[in-house]
Amino acid sequence: MVVFSSRLLFSFLCNILLITISISQVSAANTTQDYQYFCDFTNRGNYTANSTYHTNLNTLLSTLISNTEIDYGFYNFTNGENTDKVYAIGLCRGDVKPEECRSCLNGSRANLTQLCPNRKEAIGWYENEKCMLRYSDRSIFSLMETGPAYYAHNTINATDLDQFNRSLSSLLRDLKSQAASGDSRLKYGVGNISIPDDKVIYGLVQCTPDLSGSDCDDCLAQSIERIPIDCCKDSKGGRVVRPSCSMRFETSYHFYGPTAYTPPPSTSTTSEGSNTITIAIAVAVPVFVVVAVLIFICIYFRARKPGKKYKTQQQEEHDDDEIDISESLQFSFNTIREATDNFSDSNKLGQGGFGAVYKGRLSNGQEIAVKRLSADSRQGDTEFKNEVLLVAKLQHRNLVRLLGFCLEGREKLLVYEFVPNKSLDYFVFNQTNRAQLNWETRYKIIGGTARGILYLHQDSRLRIIHRDLKASNILLDEEMNPKISDFGLAKLFVVDQTHGDTNRIVGTYGYMAPEYAMHGQFSEKSDVFSFGVLVLEIVSGQRNSGISHGENIEDLLSFAWRNWREGTPRNIVDPTLNNSFQNEIMRCIHIGLLCVQENVSARPTMASVVLVLNSHSLTLPVPLAPAFYVDSRTGNLPDMHLWEFNSRTTGSSEYTSINEASITEPYPR
Ligand SMILES: *[C@@H]1O[C@H](CO)[C@@H](O)[C@H](O)[C@H]1NC(C)=O
Ligand SMILES: *[C@@H]1O[C@H](CO)[C@@H](O)[C@H](O)[C@H]1NC(C)=O
């Protein structure tokens, strides 16, 4: 490994390394040093020494810690038969490399069997949750278990608590969906958020990857709920650790390293696939490995004196905290009437097929946008309420948040957070306003929109296909962060949504994927198509519906493809963008073209898109002609009439595009 020529040098390097990372060096509390454990927590009883069970357990744990094939830090093994069958799970934190993982589990095994002598069931977390080891005589795989749990909090309080708590919950919400969308090898999310005074909150969440996405989401949601209650109210750091999931945050302490395992992006393979997407993952930088190993060695030698910053409470815990959210989401009609000044015209933001939209201000000062649904939404009150509650659970920083609803007599209102800026189309398609969108802003909008769609597609409770993504449905906040609007509305309206029913196709001309427009087949990939159109629009500042240069009218996709193929991609780029960030811009065009491939399976998933946007080192497949491509030499226009179904967009004011073209289909999983 690494050999140092003198102890002095070693010590010196360690000091430097540790100074940088030990700003709040923590150590879990009381049970034994750096080890949390529970024995026999579901009354499975004892085994006799040297019994078959005992032998099986020993063999199993030896097998587990000596497995060198698994590189994603999750081991679920069994050994034995019938009543002597033993189940074991080993899980390492997502930033722990395989070798380190094995050694952590090895240490944990020695501790656990010693601390829980002859117990059939035990669980322990070792070295600040670097690894978790558990075993039992009952099946513990794919089972969400929230107890026994332990909590820890940093005894130093955060400052500027309002801001801190808002940022923290937004961070953890994002990480939660990041983890829940992981695959069966890794469900893990890390990230940071900046707070005032140049501080940063770092967060980490992880589930055992054998959980379903929704169980992972639930488990973490329950953990996050404990923060203000009994974990770590107002603390600058805290942890909630459970058998199925764990969560930790720290202020100004970057406590995790680079993720040790990168799952290959889910590739869409429908079997006819000659065009399946393969994205090569770049290999981790060796320097980082060396640094991580060094830090590990240093910590290992230093961390013998546990600090006292953490207090730990242990408790068995069961789910008893259902909150009746329907109460808190319901607004009275009077409240809304007052907030919107009796739905005055001056507060009207727009009019769509589903009803008018008003701006309002609640008595507490909060600004809202209210959709007053027209009376022909014939849905029953209970269904309406249920759907609203489902949609209200979708919370992501790139989605316009549904705050609640109002249901009184014939009135049905939806109350949204008010997003101050106008929608994206107001900026990107307007010669003057476009100047406000430099490339960094556009890139941020592309990335945020991608993450918002990914959340809709992969959120654990609902799978939502938006079905009407377009520039006018992307609202922008003060900082030009994108927020997707009009998702999840489908079930609020009685529309026959039989899949193959092309008469009912809704969506917007120019954004609809061909298989959807022609055959009514929609899937996540139809949203990917719309996203691709959006990306090309953002890069070019042109609407997809037609670019005129001289005599020719060409749709944006054909135009982009032609220039890409002919090696003149610079022609696609909005001339108001200056010459910097060429690589990023070209990559976005590339991604855009991949998203609008005619072949559904050749389009990437949103997960791949997000991955590729975040990592410039991933190589992208070569795009083929997009769905609308028309040979420019023949000058044929695409068969536009095929695409024009029921497309009633209503201008560019921020909330106006709420017509029947704005239907989303939430599916239960
Ligand atoms: C926060 O996370 C981003 C990646 O999401 C990273 O690029 C950035 O360096 C992190 N910031 C800090 C202060 O660690
Ligand atoms: C172990 O976990 C993997 C990945 O989560 C899963 O595919 C496999 O079915 C599990 N094995 C058992 C025995 O449950």
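It should be emphasised that the depicted structure is a prediction, and the values quoted were computed from it without experimental measurement. Numbering of ligands and ligand atoms starts at 1, following listing order.
Annotation: His153 is not in aromatic contact with Tyr151 [ring centroid separation under 6.0 Å not met]. The aromatic ring centres of Tyr87 and Phe141 sit less than 6.0 Å apart.
In terms of protein heavy-atom proximity, atom 5 (O) of ligand 2 is nearest to Ser184 O, 2.8 Å. Annotation: atom 1 (C) of ligand 1 to nearest protein heavy atom, Asn192 ND2, 1.5 Å. For atom 11 (N) of ligand 2, the closest non-hydrogen atom of the protein is Asn76 ND2, 2.9 Å. The closest protein non-hydrogen atom to atom 14 (O) of ligand 2 is Phe141 CD1, 3.3 Å. For atom 13 (C) of ligand 1, the closest non-hydrogen atom of the protein is Tyr202 OH, 3.3 Å.
A salt bridge between Lys85 and Asp137 is absent, with no side-chain N of the basic residue lying under 4.0 Å from a carboxylate O of the acidic one. Between Arg442 and Glu440 no salt bridge is recorded (no basic side-chain N to carboxylate O distance below 4.0 Å). Between Glu129 and Arg242, no side-chain nitrogen of the basic residue sits less than 4.0 Å from a carboxylate oxygen of the acidic one, so the salt-bridge criterion is not met. Using a cut-off of 4.0 Å between Lys/Arg side-chain N and Asp/Glu carboxylate O, Asp174 and Arg397 are scored as salt-bridged.
For atom 7 (O) of ligand 2, no protein heavy-atom neighbour is found at a distance under 4.0 Å.
Looking at Phe74 against ligand 2, only its side chain comes within 4.0 Å, counting heavy atoms.
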